[in-house]
Structures are given as structure tokens and as C-alpha cells.
Protein chains: 2
Amino acid sequence: MAKATDGDTAPVPQRLLAAATRLFAEQGYDRTSVQEIVEAAGVTKGALYHYFGSKEDLLQEVYARVLRLQQERLDAFADADAPVEQRLRDAAADVVVTTIENLDDASIFFRSMHHLSPEKNKQVRVERRRYHERFRALVEEGQRSGVFSTATPADLIVDYHFGSVHHLSTWYRPDGPLSRQEVADHLADLLLRALRP
Amino acid sequence: MAKATDGDTAPVPQRLLAAATRLFAEQGYDRTSVQEIVEAAGVTKGALYHYFGSKEDLLQEVYARVLRLQQERLDAFADADAPVEQRLRDAAADVVVTTIENLDDASIFFRSMHHLSPEKNKQVRVERRRYHERFRALVEEGQRSGVFSTATPADLIVDYHFGSVHHLSTWYRPDGPLSRQEVADHLADLLLRALRP
DNA sequence: TCCGGCATACCGACTGGTTAGTCTGCCGGT
DNA sequence: ACCGGCAGACTAACCAGTCGGTATGCCGGA
């Protein structure tokens, strides 16, 4: 009864973000009215526009949060003290698990990114690119040291893997036959198998 | 000067579909007004509602077209007279090429499917499922005959590959360093490599 | 050959409803 | 008494879909 996103105990900005995240994921950004968001958060428009400059700012904040989280985790795995194939496997599996744990954010991310204005979109792309490049560096490291095949450009490898992560929000169901960790292990395994020399 | 989608020679319904496809892909379904579509097609609302029941029908028609096309092609490749690893490779590469050739349809498909009403959405899912299962059957056939690894469930393999196809509309640029065929060959190769026993 | 009847194809003003964002003001704590 | 935090009515814009109307061409009968 005291969770961080509780309907009436958490601070108003968090409640607004939580409500917006859920509604954006369920109905899409354009289909969700500001009125719905404030009702779900138990406040009114005055509160929303007190904390956020616009509906779009709300969307951008959702992005920023998930990007920060994933970047931190990737950095941790990539910097670990382990063979490169282990670090890549861990990072690849972790992004699957955290994506499944935040499927709402993921659907929003991939379905609504283009709803951001050009400037904000650019900002998100920059962050996203940093993430992509960190991941690519891992692949390239393994390719240079000979543990990964060089048959495929590292860029494409990264897009291949993130394609499957991206796709999770389309098909993964928590009540399906596979747990998060199982899916993550399978997908990481597929990546590593494809990279065998 | 006599292409099928010419601005003023093609039949009105085709022009409307072509305009809608482009605009939906560029701006998204909700961001595109019926007024914009009819202006791009060089007609007026009267014409649109003469041929289509609603804006949503237009979206559904875009789906139906691309689904028919891809199902036909998959069936052809799957029914061919060749070893299963060859048939899977051909099918996997072909879906990449045709997706790139119709990137607009692809972005619409993956970004706007959830804008369809429940009934129409269901209809699309049924068609999509048929496609998915045909592809999965290929994987399972190879797994049974021992040419593919059975480490990963066939369903997941299919979602893995279609994740990367899905993702194409996010990163592929026609003016990039790789041609359609090159990307297709690489992605099909990754799939087959991941399936090596 | 001409004509009246009718269907198809299309036009564009209009309507009813919705929406993001604004603004004025209240209220409770310091 | 003041101010951050918020309420909620209001506005200006927009949009999907409707509807009465017009133009074009075909078809069968006189």
C-alpha cells in the first residue's frame, strides 16, 4: 500500500508519469487525451501543466527514464571483468529481461518515438546512438580477438539483436509458456550462436 | 508518365491508397487527416467516402495488400523443390527484400496496427498468424530432419527473425552502404548460422 | 436518331464532437 | 501575508464523417 506509483500516496509528478506510461502503451500517444491522464492520476490539468510543459514533455520523460536505465545497465555489463563473449551474452540477455520488465515503456518507445517533435526526436536519437555504439563495440572487440565471426558487419549484428528486443512488445505475454529469463537466455544464445566463427 | 500510381492518371481508389500509404508512413495514422489524403490524391472527401467506408478501411486495405503479397511469396518459396535449409534461407532473405521494397507499408504495419478496431485487428492477426505458422513449419521441418539445432523453440526462432525484419523500417536507409540484397543475405545468413546444430 | 431516366462518380460546405493548452483564483502551510 | 500547488471552466483549433447537389455517360424505347 505504499508503492512508488500508488494512486494517491506517491508525489503527483510520478503519478502522472505512471498513468501516462500505462495509457500511452495501451492506447497510443495520440489516442490518449490529457484529460484521461489526469483522471487516471487523480488530479486535474492544472497539476499536469504545473509540472510538465506539454503532453509531449510527458512522452519525452518516459523515454529519458528508460534510456537512462538501460544505458546504466549496459555500461555495467560491458565494463565487467569477464571474457568478451560472456559480457556480450550478459548484456544481450539483460536488455531482454529489463525490456520485458518494462514492456509498457518498450511499446511506447518503438511505436511513438516518431510523435516527438524533430528537436526532441534528435535528442532521443543521440542517446540511443550512444547505447547502440557501446553494444557494437562489444561485438567488434570479439570480432577483432577472433572469438566472433566477421562475416557480418557489427552494425548489422546490433540491429539484428535489437530487432528481436524491439519485437518483444508485439508477441511476449507474461502468461505465456516462457519466463523472462528463459526468453532472454534463448535470445542471447541465438545471438552468440550466430556469431560463432 | 503512366505508372500505376500516377498523380492523375491512375484510378481514384489507387491514388487514394497510395497517398494514404505515404502519409500514414510519414506522419502516422492519427496525425494524418482525411483532408490531407484527399488533397494528396487530388480529389475531395466525397470521392474517398464513395470508395471507402471510413478512414480505418483505408488502413486495413494497406494491410491486406501487403499481407497478400507476402503470403504468396512465402508459399512459393516454402513449396519449392530444394533442401529445407535452402528454402528457409530463400524465404528469410525474400521477406527482407520485399519489406525494404515496401518500407512504407512496413512502418505502417508495425506502428499503426493497434489503431485498427478490435474486429479488424483480429482479422489481420489471423492472416498474420497463418504467415507465421508457415514459416515456423519450415524451421520445424529442418529441426526434425536434424539440419537445424533444436536448442531453441521454433516459435522463438520465427519471432527472432521477424523482429529483425520489423526493425528494418527503423534503421534501413536506401542511401546507406548496404543494398537490399546485401542486407537480406546477411540477415538470412545470421538466421541460418544461429540454427547450425 | 433523339430523348428521358437513371446510375455512377465526384464535389465541398457543414455539423457535432473532441482536444491541447490557458487562465483565473482558491487553499493550506510557513 | 505570501506562495507553491493545484482546481476546473474556458477557448480556439481541428477533424471524421454527412449530405444535398452536380456532371457525365449509358441504355432502352419511340
Side-chain angles (χ1 to χ4, degrees), chain A residues 4-24 26-63 108 112-121, chain B residues 4-63 108 112 114-121:
Chain A
T5 51
D6 247 357
D8 65 346
T9 65
V12 170
Q14 265 105 333
R15 273 169 30 212
L16 284 165
L17 266 180
T21 302
R22 185 171 53 81
L23 290 168
F24 288 166
E26 277 171 10
Q27 321 176 350
Y29 177 76
D30 282 321
R31 302 278 175 114
T32 303
S33 71
V34 170
Q35 193 59 41
E36 283 178 286
I37 298 171
V38 298
E39 273 167 23
V43 293
T44 60
K45 284 194 178 188
L48 193 153
Y49 285 96
H50 181 73
Y51 292 108
F52 299 92
S54 64
K55 183 184 174 185
E56 208 190 345
D57 281 1
L58 221 45
L59 180 59
Q60 197 193 19
E61 196 47 42
V62 173
Y63 284 153
I108 297 174
S112 306
M113 182 150 43
H114 61 290
H115 287 140
L116 283 174
S117 64
E119 320 96 66
K120 294 189 175 170
N121 203 303
Chain B
T5 52
D6 249 358
D8 63 348
T9 65
V12 169
Q14 265 104 331
R15 270 163 39 208
L16 283 165
L17 265 180
T21 302
R22 184 171 53 83
L23 290 168
F24 288 166
E26 277 170 11
Q27 320 177 349
Y29 177 75
D30 282 322
R31 302 280 174 111
T32 303
S33 71
V34 169
Q35 194 58 43
E36 283 178 286
I37 297 171
V38 298
E39 273 166 23
V43 293
T44 60
K45 283 195 181 186
L48 193 153
Y49 284 96
H50 181 71
Y51 292 108
F52 299 92
S54 65
K55 183 184 174 185
E56 209 190 345
D57 281 1
L58 222 44
L59 180 59
Q60 197 194 17
E61 195 48 41
V62 173
Y63 285 154
I108 298 174
S112 306
H114 59 290
H115 286 139
L116 282 175
S117 64
E119 320 98 66
K120 295 188 177 173
N121 203 302

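FYI, side chains are in, hydrogens and waters are out, and symmetry mates aren't considered; it's all heavy atoms of this structure.
To the nearest angstrom, P of C/dA20 lies 12 Å from CD of A/E39. Atom-to-atom, CD1 of A/I37 to C1' of C/dT19 comes out at 12 Å; the value is rounded to the nearest Å. Look at CZ on B/F52: it is 18 Å from C1' on D/dT18, rounded to the nearest Å. Nucleotide C/dT18 holds its P atom 20 Å from the CZ atom of B/R31, rounded to whole Å. Counting to the nearest Å, the C1' atom of D/dA16 and the CD atom of B/Q35 are 11 Å from each other. To the nearest angstrom, C1' of D/dG17 lies 17 Å from CD of B/E36. Distance CG (B/L48) to P (D/dC15): 15 Å, rounded to an integer number of Å. Following rounding to the nearest Å, A/K45 (NZ) and C/dT22 (C1') show an atom-to-atom distance of 9 Å.
Closest to the side chain of B/V43, out of D/dG17, D/dG5, C/dC11, is C/dC11. Side-chain atoms of A/Y51 lie closest to D/dG5 of the nucleotides C/dC10, D/dG5, C/dT19. If you check C/dT19, D/dA16, D/dG17 against the side chain of A/S33, the one that comes closest is C/dT19. Distances were taken from every side-chain heavy atom of A/V34 (C-beta onward) to each of D/dA16, D/dG5, C/dA20; the shortest belongs to C/dA20.
Contact of B/K55 with D/dG17 (side chain to base): no donor-acceptor pair of N or O atoms is detected under 3.5 Å.
Using a 3.5 Å distance cut-off with no hydrogens or angles, the side chains of A/D30 and A/H115 do pair a donor with an acceptor.
Looking at heavy atoms from C-beta onward, B/E39 lies in side-chain contact with B/Q35 at the 4.5 angstrom threshold. Contact annotation: the side chain of B/Q60 never approaches that of B/E56 to less than 4.5 Å [non-hydrogen atoms, C-beta and beyond].
Among the protein residues, B/T44 comes within range of the nucleic acid bases, having at least one heavy atom under 4.0 Å from a base atom.
Here B/H50 reaches the OP1 or OP2 of C/dA9: one of its side-chain N or O atoms lies under 4.0 Å away.
Both tests pass for A/K55 against the ring of A/Y29: distance under 6.0 Å to the centre and angle within 45° of the axis.
Without hydrogens or angle criteria, B/T32 side chain to B/Q27 main chain gives no donor-acceptor distance under 3.5 Å.
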